[in-house]
Engineer: 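Provided herewith is a single structure, encoded as structure tokens, for subsequent inquiry.
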Amino acid sequence: MTADALAGRRRWRKPPFIASPYWRYGLYAAAVGYLFLAVADVDLNWSRMVAGLDRGGAFIGGFLAPDFVTRWNDISRGLLESLTMTVVSTIIGVLISIPVALGAARNLAPTPVYYLCRGIITISRAFQEVIIAIVFVAMFGFGPFAGVVTLAFATIGFMAKLLAEDIEDVSRDQVEAVRATGSSWLQMLNYSIQPQVAARFVGLSLYRLDINFRESAVIGIVGAGGIGATLNTAVARYEYDSAAAILMTIIGIVLIVEYSSGAIRRRFL
Amino acid sequence: MPVAEIAGRRVWQRRDAREKLGLWLVWLVCVSIAVVCWQYISNQTIWMFVLDAPEQAFDMASRMSNPRWAYLEVIAKPLWDTINIATLGTLLGVAIATPVAFLAAHNTTPSRAFVRPVALAVIVASRSINSLIWALLLVLMLGPGLLAGIIAIGLRSIGFIGKLLYEAIEEIDERQVEAIRATGAGSAQRLAFGVAPQIMPAFAGISVYRWDINIREATILGLVGAGGIGIQLQASVNSLAWNQVSVIFLAILATVVVSEWVSARVRHAII
């Protein structure tokens with residue numbers, strides 16, 4: 001500051017993001033310390049990486065010349081399994097998530113029901129789909145049924161949480177108005193809550209359909225059916241051209257699902 | 001307002017005849033798809049195994065219900081690895097996603113005809129491949145270990161962070177950029193003093209939110225060999241040591257709850 005004053009001009013400085021200097025420098029020091037520890041934790045095996053370069057090259061080569069033909073039977077079966085799993089699990093999950101969402105909305109549910117439903121949502125959201133798949137595969141055996149149960153279970157947490165937040169945001173006036181006609185609780189739901197959340201409900205369901213397809217492509221890695229199992233086999237056998245074909249198919253379908261669900265959502269919302 | 005004549009009385013109805021027909025057709029199509037899909041799944045399922053599921057579940061629950069707490073010592077290091085994978089992976093994702101977001105936002109991109117579609121394609125590509133698949137491929141190339149996990153998480157995060165960040169950039173108040181421009185600032189100065197301060201809260205919020213998601217994702221990467229607690233989980237499941245699995249589940253649950261709390265607190269403080 002004195003130097004600036006001597007030079008006869010004051011310079012403006014950008015205000016820092018964190019105002020208190022103690023917090024600012026404390027956080028910087030903590031971040032640097034953590035980064036140091038974390039980077040030291042990463043073990044680098046250079047010779048293994050050099051050996052991996054060939055495989056990386058082979059894999060990129062596989063992408064340039066994907067082989068859809070040799071394993072087409074496995075690919076089409078895995079794909080059909082993934083798609084059917086996606087549809088069935090989304091429907092089951094969405095159907096179960098409706099009552100859970102009603103219970104988890106503070107403005108509709110009594111307190112014990114509210115906490116019960118919030119608990120269901122928390123458990124469903126805490127674990128990654130693949131971890132849930134491991135448990136259900138152990139329970140139901142290998143195959144798409146375990147995958148359907150896994151995805152349906154994960155759908156409940158996602159849908160119920162977002163839908164409950166939406167129900168909590170509805171306008172009280174319409175509920176009041178329908179109630180004033182002497183409607184029952186179900187009629188109140190059907191004529192005042194449902195019209196207000198329907199558009200968002202359709203949007204969320206389609207979004208979840210999209211997510212469920214993406215997840216159905218991986219839970220096969222732990223044995224829960226779908227294209228993930230095919231991909232895992234192809235990679236384990238070092239068949240990079242088939243693996244590339246499977247990945248390209250997954251990406252293609254994800255894009256189709258995403259664009260079509262976007263188009264449907266635009267029509268409804 | 002559709003009103004129908006029923007037995008000489010005028011009754012209000014929510015939809016007219018055409019709307020009803022359309023709705024009915026949509027339902028018909030949806031239900032048929034559902035039935036066909038269910039039939040396929042049912043044919044692929046060995047119902048014998050499903051029928052004894054309650055027995056299996058009971059057995060599993062009884063084995064899990066006495067957790068082997070001594071196992072906590074073994075999983076402390078993998079848990080630390082998992083957190084590091086998530087954090088370093090998020091940093092990598094942020095480092096790549098930030099320039100991509102600036103290239104993708106229509107008010108900061110250098111070229112709307114060419115650069116913007118490329119940046120959007122990067123964002124979509126990153127989002128369409130799950131981090132477990134990224135990890136599967138990277139383990140193949142880099143060998144098993146943390147590095148493959150970190151890169152997998154980083155590549156997967158680009159799409160999420162990039163998408164939310166470029167939307168935030170597009171929503172900024174252009175007048176502030178204009179004001180900076182009026183002082184004679186160059187394009188880098190306009191970004192630093194006009195755009196960056198406006199998106200800083202969104203940027204920090206998005207990064208912390210993604211970090212929270214990445215903790216969850218990092219717990220499974222070990223299943224394909226990319227480091228973290230997933231390796232221990234896989235080993236315990238394969239050896240049917242369900243009393244170790246329950247310890248791992250509780251450890252994951254605790255980590256996820258803590259990370260969610262941290263992320264919620266930070267976002268609350270910023271936004």
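Just so we're on the same page: letters track the sequence lines, and every chain starts at 1. Please read these numbers as outputs of a predicted model, since none were measured by experiment.
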Engineer: State, with a plain yes or no, whether a side-chain heavy atom of B:Ile220 is found less than 4.5 Å away from one of A:Ile131.
Structural biologist: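 Answer yes - side chains close enough.
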Engineer: For A:Ile221, which atoms come within 4.5 Å of any heavy atom of chain B: side chain, backbone, both, or neither?
Structural biologist: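 Looking at A:Ile221, just its side chain touches chain B.
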Engineer: Less than 4.5 Å to any heavy atom of chain B: does that hold for the side chain of A:Ile253, its backbone, both, or neither?
Structural biologist: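 Contact with chain B: none, neither part.
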Engineer: Quick check on the interface: out of A:Ala126, A:Gly56, A:Ala138, who has the most heavy-atom pairs with chain B under 4.5 Å?
Structural biologist: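 Of A:Ala126, A:Gly56, A:Ala138, A:Ala126 has the most heavy-atom pairs under 4.5 Å with chain B.
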Engineer: Is a side-chain N or O of B:Ser42 found less than 3.5 angstrom from the main chain of B:Trp38, in a donor-acceptor match?
Structural biologist: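 Checked: no pair found.
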Engineer: I'd like to verify something: which residue of B:Leu136, B:Val256, B:Ile41, B:Thr45 has the highest number of heavy-atom pairs under 4.5 Å with chain A?
Structural biologist: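 The residue among B:Leu136, B:Val256, B:Ile41, B:Thr45 with the greatest pair count is B:Ile41.
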Engineer: Considering only heavy atoms and a distance below 4.5 Å, find which of A:Gly57, A:Ala58, A:Gly52, A:Ala217 pairs most often with chain B.
Structural biologist: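 Max contact count across the listed options: A:Gly52.
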Engineer: Just by distance, do the side chain of B:Arg156 and the backbone of B:Arg127 share a donor-acceptor pair under 3.5 Å?
Structural biologist: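 Between the backbone of B:Arg127 and the side chain of B:Arg156 there is a qualifying donor-acceptor contact (under 3.5 Å).
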Engineer: Between B:Leu223 and chain A, with a heavy-atom cut-off of 4.5 Å, which part of the residue counts as in contact: side chain, backbone, both or neither?
Structural biologist: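 Looking at B:Leu223, just its side chain touches chain A.
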Engineer: Any side-chain heavy atom of A:Val94 sitting closer than 4.5 Å to one from A:Phe201?
Structural biologist: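 In contact.
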Engineer: For the side chain of B:Thr82 and the backbone of B:Ile229, is there at least one donor-acceptor N/O pair under 3.5 Å apart?
Structural biologist: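 Yes: the side chain of B:Thr82 pairs with the backbone of B:Ile229.
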Engineer: Heavy-atom distance under 4.5 Å to chain B: side chain of A:Tyr240, backbone, both or neither?
Structural biologist: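 The side chain, not the backbone.
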Engineer: Flag the one option from B:Leu142, B:Leu140, B:Asp52 with the top tally of heavy-atom pairs under 4.5 Å to chain A.
Structural biologist: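 When all of B:Leu142, B:Leu140, B:Asp52 are compared, B:Leu140 has the most.
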Engineer: Check each atom of B:Val224 against the heavy atoms of chain A and say whether the ones under 4.5 Å are side chain, backbone, both or neither.
Structural biologist: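 It is the side chain, since no backbone atom gets that close.
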Engineer: Between B:Thr87 and B:Trp211, do the side chains contain a donor N or O and an acceptor N or O under 3.5 Å apart?
Structural biologist: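 Note: B:Trp211 and B:Thr87 side chains meet the donor-acceptor criterion.
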Engineer: Measuring heavy-atom distances to chain A, does B:Ile150 have an atom under 4.5 Å in its side chain, in its backbone, in both, or in neither?
Structural biologist: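 The answer is the side chain of B:Ile150.
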Engineer: A:Phe136 and A:Phe145: aromatic ring centres closer than 6.0 Å?
Structural biologist: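 No, the ring of A:Phe136 stays outside the 6.0 Å limit from the ring of A:Phe145, centre to centre.
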Engineer: Using non-hydrogen atoms and a 4.5 Å limit, figure out which bit of B:Gln234 sits close to chain A: side chain, backbone, both or neither.
Structural biologist: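 Answer is neither: B:Gln234 stays 4.5 Å or more from chain A.
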Engineer: To the nearest 0.5 Å, what is the distance between CD1 (B:Ile213) and CZ (B:Phe160)?
Structural biologist: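 That separation rounds to 4.0 Å.
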Engineer: Between B:Ser131 and B:Glu217, does any side-chain donor sit less than 3.5 Å from a side-chain acceptor?
Structural biologist: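 There is such a pair between these side chains.
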Engineer: Measuring heavy-atom distances to chain A, does B:Val31 have an atom under 4.5 Å in its side chain, in its backbone, in both, or in neither?
Structural biologist: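 Neither the backbone nor the side chain of B:Val31 comes within 4.5 Å of chain A.
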Engineer: Output the option from B:Asn130, B:Ile129, B:Val237 having the highest count of non-hydrogen pairs under 4.5 Å with chain A.
Structural biologist: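 It is B:Asn130.
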Engineer: Indicate yes or no for a side-chain donor-acceptor contact from B:Ser62 to the backbone of B:Asp59 under 3.5 Å, with no hydrogens or angles considered.
Structural biologist: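 Between the backbone of B:Asp59 and the side chain of B:Ser62 there is a qualifying donor-acceptor contact (under 3.5 Å).
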Engineer: Could you tell me which portion of A:Val135 (side chain, backbone, both or neither) has an atom closer than 4.5 angstrom to a non-hydrogen atom of chain B?
Structural biologist: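 Its backbone and side chain both get close to chain B.
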Engineer: Of the backbone (N, CA, C, O) and the side chain (C-beta and beyond), which part of A:Glu81 lies under 4.5 Å from a heavy atom of chain B, both, or neither?
Structural biologist: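 Interface part for A:Glu81: both.
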Engineer: Rounded to the nearest 0.5 Å, what's the gap from CG on B:Leu88 to CD1 on B:Ile83? Could you check?
Structural biologist: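 That separation rounds to 11.5 Å.
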Engineer: Measure B:Leu91 against the heavy atoms of chain A and call it side chain, backbone, both or neither at under 4.5 Å.
Structural biologist: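 Just the side chain, heavy atoms under 4.5 Å.
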Engineer: Answer with side chain, backbone, both or neither: which region of A:Ala146 has an atom nearer than 4.5 Å to a non-hydrogen atom of chain B?
Structural biologist: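 It is neither, since no heavy atom gets under 4.5 Å.
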Engineer: Given heavy-atom pairs under 4.5 angstrom as the criterion, report whether the side chain, backbone, both or neither of B:Phe249 touches chain A.
Structural biologist: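 Both backbone and side chain.
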Engineer: Output, in order, the C-alpha distance, side-chain angles, deciding distance and verdict of side-chain contact (heavy atoms from CB on, under 4.5 Å) for A:Thr122 and A:Lys161.
Structural biologist: CA-CA 9 Å; A:Thr122 308; A:Lys161 180 178 196 287; over 6 Å; no
Engineer: Counting only heavy atoms closer than 4.5 Å, note whether A:Leu80 contacts chain B via side chain, backbone, both or neither.
Structural biologist: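 Its backbone and side chain both get close to chain B.
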Engineer: Is there a donor-acceptor contact under 3.5 Å from the side chain of A:Ser183 to the main chain of A:Val178?
Structural biologist: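 Present.
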Engineer: Is A:Val218 close to chain B through its backbone or its side chain, or both, or neither, when contacts mean heavy atoms under 4.5 Å?
Structural biologist: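 Both parts, heavy atoms under 4.5 Å.
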Engineer: Of the listed residues (B:Asn84, B:Val35, B:Leu147), which shares the most heavy-atom pairs with chain A below a 4.5 Å separation?
Structural biologist: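 Heavy-atom pair counts peak at B:Asn84.
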Engineer: Do you know which of B:Val124, B:Leu137, B:Ile85 has the most heavy-atom pairs under 4.5 Å to chain A?
Structural biologist: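 Of B:Val124, B:Leu137, B:Ile85, B:Leu137 has the most heavy-atom pairs under 4.5 Å with chain A.
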Engineer: Can a side-chain donor-acceptor contact be found between A:Thr233 and A:Asp74 if the only test is distance below 3.5 angstrom?
Structural biologist: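 A:Thr233 and A:Asp74 do not have a side-chain donor-acceptor pair below 3.5 Å.
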Engineer: By a 4.5 Å heavy-atom criterion (distance strictly below it), what part of A:Val148 contacts chain B: side chain, backbone, both, or neither?
Structural biologist: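 Side chain of A:Val148 only, per the 4.5 Å heavy-atom cut-off to chain B.
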Engineer: Let's test your reading of the structure: which of B:Val245, B:Leu233, B:Leu240, B:Leu132 forms the most heavy-atom pairs below 4.5 Å with chain A?
Structural biologist: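 Heavy-atom pair counts peak at B:Leu132.
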